Visitor: 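Take this structure, written in structure tokens, and hold onto it; I'll ask about it next.
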Amino acid sequence: MRSALLLVLMSLSVSAMADLKPVRLRCEYLQNPLGIDVPRPRLTWQVESRRRGERQTAWQILVASDPRFLGSGRGDLWDSGRVESGETAHIEYAGSPLRSWQMAWWKVRVWDRDGRPSAYSAPAFWQAGLFDKRDWQGTWIGRTREKAYQPAPLLRREFRARGGLRRATAAICGLGYYELRLNGQRVGDHQLDPGFTRYDRRALYVLHDVTRLVRPGTNALGIMLGTGWHKVHTLAVWKFHEAPWRAAPRVLMNLRLEYEDGQVETVSTDASWRTATGPVTYDSIYGGESYDARLERNGWDRPGYDDSGWQPALVVEGPGGALSAQKMPPIRVQETRQALEVRQPQPGVYVFDMGQNFAGWAELSVEGPAGTIVTLRYGERVNPDGTLYRGNIDVHLIKTDPPQRFQTDTYTLKGDGRETWHARFTYHGFQYVEVTGLPSAPTLDTLRGLVLSSDVDRAGDFQCSNPLLDRIQRATLWSYRSNLLSIPTDCPHREKNGWTGDAHLAAEQALLNFDPAAVYTKWMDDFADEQRETGELPGIVPTGGWGYEWGNGPAWDSAFLLIPHYLHLYRGDRRILERHYEGHRRYVDYLTSRAQDGIVSIGLGDWVPWKTETPVSLTSTAYYYVDARIVAATARMLGRTDDASRYEELAGKIREAFNRAFWDEARQTYANGSQTALSCALYQGLVPEPRRQTVLEQLVRNIEERGGHIDTGILGAKYVLNTLLENGRADVACRIVSQRDQPGWGWWLDQGATTLWESWQGANDSRNHIMFGDVSAWFHKALAGIRPDPAGPGFARFTVRPEVVGGLVFARGVHDSIRGRIESDWRIDKGRLHLRVRIPANTVATVHVPTRSVEAVRESGRPAGESEGIRFLRAEPGHAVFEVGSGEYHFESPGWTDAAR
Ligand code: BGC
């Protein structure tokens with residue numbers, strides 16, 4: 001009797017609690033971030049449930065200044081109360097104003113579709129940044145004001161701390177790059193910190209929790225500074241060596257000591273610091289680094305070091321612009337790689353093959369006499385005789401006599417046993433490392449590869465039954481990693497430039513495979529910093545001034561509008577559109593000022609085409625149209641109805657002008673009928689409805705005439721694949737991406753590529769560019785079938801529609817959306833197609849099950865229409881369409897005796 005009662009009670013308490021669970025708490029896209037200088041940071045979580053069709057109906061957030069308050073259910077900073085809302089992403093903090101340095105602890109609970117509350121989540125936190133310049137103490141310091149290169153400075157100072165320390169936080173802006181040390185230990189694991197910005201407009205500072213490094217009594221702080229982008233002294237065509245912000249390394253650091261008794265002390269950089277040079281005798285973002293281990297100053301970063309021979313630090317000017325917290329994942333070492341082989345093409349010259357093209361360093365491990373100089377030269381190709389070839393990557397350096405140093409590190413041994421070293425204030429793009437000057441013959445262990453990238457999480461992957469496509473996917477991931485080092489870059493060696501066109505072409509792929517939203521958010525601020533009053537943008541961001549006059553045009557500049565547009569579509573981020581609305585408008589107005597009869601003719605156009613070029617004015621005008629539509633849509637969203645109508649009208653006029661200028665009625669084609677021209681018109685929504693089929697047919701014919709090959713540059717490569725997908729010809733697109741001969745991704749791979757190349761020709765250019773990388777987004781969208789839906793930004797709603805094409809017998813895509821994991825996995829087995837999908841709680845998907853007989857579709861063994869959580873919507877040619885709530889589903893459809901076409 002008693003146990004029966006207990007059971008009833010237990011089941012009551014179980015059913016009173018939601019089966020919905022809030023997890024994965026984030027603040028401004030980041031997990032427990034330090035240094036959030038946003039007054040109303042946005043909080044995000046995910047809800048998990050195993051129930052089908054589960055939804056969140058309300059939430060409650062508690063934010064506390066002390067984790068103990070949170071434990072007892074008190075939100076002294078903010079108690080939102082129960083808010084009826086299904087939203088889980090980007091909830092703005094609306095509690096008491098936050099103070100600089102403040103810790104904010106938070107947790108959230110939610111109510112499920114039946115109105116039952118969940119337990120509270122595990123707590124998370126963020127620490128506020130410094131909201132005001134006046135919150136900084138001390139001064140900027142450095143070692144020199146010299147314009148010419150000086151060895152990397154060391155700066156040090158000792159300080160005393162009491163017992164009873166509660167928290168110690170260091171905030172540091174060390175330009176170009178800093179390494180902060182405390183009591184002999186390196187602080188944090190960030191590399192090449194802080195991120196690159198236009199330093200005279202904005203410099204980034206970084207917060208580190210150093211509580212565990214500070215001890216009662218005497219402590220020592222040490223800072224080493226590198227030049228980075230802050231003082232480029234390699235002469236190259238983009239003229240960073242003339243950047244207006246250029247200055248010798250300098251640093252501003254505040255160490256805040258908070259004691260249990262409420263006292264606060266700050267140790268800051270000022271004239272009391274001492275400075276000397278150290279072992280880094282040369283560092284250059286393009287040139288490389290030299291390290292003379294004989295010049296190490298042992299114990300300089302520990303208490304008790306005799307710095308009487310050092311000089312007082314110089315008090316210097318700051319860079320002048322805003323100080324912003326670095327609110328993005330830092331660059332970190334992603335992995336270490338063993339060399340594949342080492343050869344000796346010439347006596348004493350060793351070439352290591354790392355087996356993979358990537359961005360980073362080689363770590364050297366040697367033993368030998370003091371004074372021995374080992375030289376490492378990095379490149380991505382070798383000559384037929386096995387010697388290093390760099391003619392494809394040193395091309396944009398200004399010619400000097402002797403030629404400038406490029407991607408070269410040197411290490412001078414101190415001669416006391418095994419010495420292990422890698423560069424710290426530069427990075428290289430490479431697969432091969434040439435090593436000379438070794439005291440004895442190397443082994444494979446003499447060098448290790450250290451892979452560097454902004455440490456963004458992975459957020460997706462793709463696999464299928466065609467190994468070639470899997471290799472393209474992997475090469476794309478490697479190219480993206482190699483080209484995300486605090487800004488998206490074009491290539492990691494030759495330029496390291498924030499080329500804007502390359503980045504937006506790769507952005508959808510990036511948002512499906514990775515979680516770079518915080519990096520893009522910061523990069524959009526860089527755009528705002530660079531935009532001229534006239535609205536103009538340079539082709540590279542940041543720039544030292546180069547690039548405006550060049551007229552890279554809207555196919556590049558539109559990154560400023562397209563990336564926020566994608567952040568909205570893929571992550572549900574409205575704020576990024578709102579934040580840059582005025583800048584976006586100004587850009588469109590600038591294009592209007594450059595347009596003639598609605599046509600914009602400036603720009604690079606369909607860059608690096610295969611055989612057929614496309615008029616620049618066609619692609620540039622199409623971006624003008626897209627940009628006007630983005631501005632109009634944002635205006636609508638923000639309730640600026642006048643603007644919305646104005647830009648909608650403008651878009652309509654551009655569309656008319658486009659068709660007037662480029663539609664050739666006699667030939668029934670756009671412009672020269674190139675693949676780019678036709679697909680651009682369709683993809684960008686410029687073709688009048690009655691004409692769409694004709695244009696599509698023209699495009700397919702063009703492709704077929706080329707044996708199923710692509711014949712475009714970087715713009716067309718994105719348009720062609722997407723256009724074919726959106727218009728029911730994924731089969732043709734799949735044929736293009738499966739090609740092994742030129743031009744195509746497969747041809748690169750068969751040439752030994754491990755990353756994507758810069759051109760179809762594969763001539764003397766880079767072998768690690770990301771701008772042809774949208775192909776991976778196409779894999780996700782077309783073959784796995786996971787597609788965002790503008791009706792529910794941030795995957796609140798989405799589509800799963802796999803295309804069974806290309807002879808594939810299985811494909812699988814995973815995307816960790818901002819609302820949780822989405823999976824689509826299909827396989828043809830014994831004549832049946834099995835589609836397994838996973839839909840996160842609180843989202844709704846439209847699932848298009850590939851089938852040859854709509855009535856025969858089953859889910860978990862039942863007729864699909866009768867299955868729980870599923871609603872049959874309609875039949876489409878080749879697909880049965882259902883609306884599906886959260887949960888895991890297993891659809892089956894018969895009749896797949898042959899391999900997919
Ligand atoms: C870069 C490209 C860039 C292009 C535009 C090249 O040098 O590497 O990726 O988009 O220039 O001019």
Side-chain angles (χ1 to χ4, degrees), residues 196 234-240 285-286 357 359 379-381 390-398 406-407 428-430 475-476 478-485 487-507 509-510 523 526-527 530 536-560 562-563 601-610 613-614 616 619-620 623 676 712-718 748 753 755-775:
F196 182 18
T234 301
L235 316 183
V237 295
W238 316 281
K239 300 215 165 96
F240 280 106
I285 190 73
Y286 289 115
N357 199 332
E380 52 173 16
R381 290 172 61 177
R390 309 207 298 179
N392 64 324
I393 53 174
D394 64 4
V395 285
H396 292 319
L397 299 180
I398 290 172
F406 177 69
Q407 289 221 129
H428 309 296
F430 64 104
T476 307
W478 272 106
S479 273
Y480 189 69
R481 276 261 184 244
S482 312
N483 282 299
L484 193 72
L485 281 104
I487 58 165
T489 66
D490 60 334
C491 54
H493 30 57
R494 188 185 71 204
E495 306 197 22
K496 300 178 161 78
N497 271 323
W499 275 105
T500 58
D502 308 39
H504 77 72
L505 291 170
Q509 162 279 131
W523 198 44
D526 298 335
F527 276 71
E530 299 287 12
E536 274 168 280
L537 288 163
I540 55 173
V541 174
T543 176
W546 182 89
Y548 297 92
E549 74 293 341
W550 206 255
N552 298 291
W556 267 249
D557 304 340
S558 297
F560 188 32
L562 284 167
I563 289 179
S601 308
I602 44 171
L604 299 171
D606 192 25
W607 190 244
V608 284
W610 172 238
E613 295 192 9
T614 299
V616 166
T619 48
S620 286
Y623 278 111
T676 298
T712 70
I714 53 173
L715 305 184
K718 178 163 171 120
W748 292 339
T755 40
L756 306 182
W757 290 6
E758 185 176 9
S759 72
W760 301 128
Q761 286 79 1
N764 198 34
D765 39 33
S766 148
R767 297 195 159 180
N768 198 352
H769 258 62
I770 186 59
M771 60 198 186
F772 281 108
D774 189 62
V775 61

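All values below come from the heavy atoms of this structure, side chains included, with hydrogens, waters and symmetry mates left out. Each ligand, and each atom within it, is numbered from 1 in the order the structure gives. As the structure is a prediction and not an experimental result, all values here were calculated from the model.
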Visitor: Looking only at heavy atoms, is any part of L604 under 4.0 Å from ligand 1, and if so is it the side chain, the backbone, or both, or is it neither?
Guide: side chain
Visitor: Between W748 and W760, how do the two ring planes meet: parallel, tilted or perpendicular, split at 30° and 60°?
Guide: parallel
Visitor: Among D490, N483, L715, V608, exactly one meets side chain to side chain contact (heavy atoms under 4.5 Å, CB included) together with M771. Which residue is that?
Guide: V608
Visitor: Which ligand 1 atoms are under 4.0 Å away from a heavy-atom of E758?
Guide: 8 (O)
Visitor: Which of parallel (below 30°), tilted (30 to 60°) and perpendicular (above 60°) describes F527 and F560?
Guide: parallel
Visitor: Which atoms from ligand 1 have a heavy atom of R494 less than 4.0 Å away?
Guide: 1 (C), 6 (C), 7 (O), 8 (O)
Visitor: Any N/O of N552 closer than 3.5 Å to an N/O of ligand 1?
Guide: no
Visitor: Indicate yes or no for a side-chain donor-acceptor contact from R390 to the backbone of F406 under 3.5 Å, with no hydrogens or angles considered.
Guide: yes
Visitor: Output yes when a side-chain donor or acceptor of Q509 lies under 3.5 Å from a complementary backbone atom of D774, and no otherwise.
Guide: no
Visitor: Under 4.0 Å from a heavy atom of D490: which atoms of ligand 1 are those, numbered in the order shown and with their elements?
Guide: 1 (C), 8 (O), 9 (O)
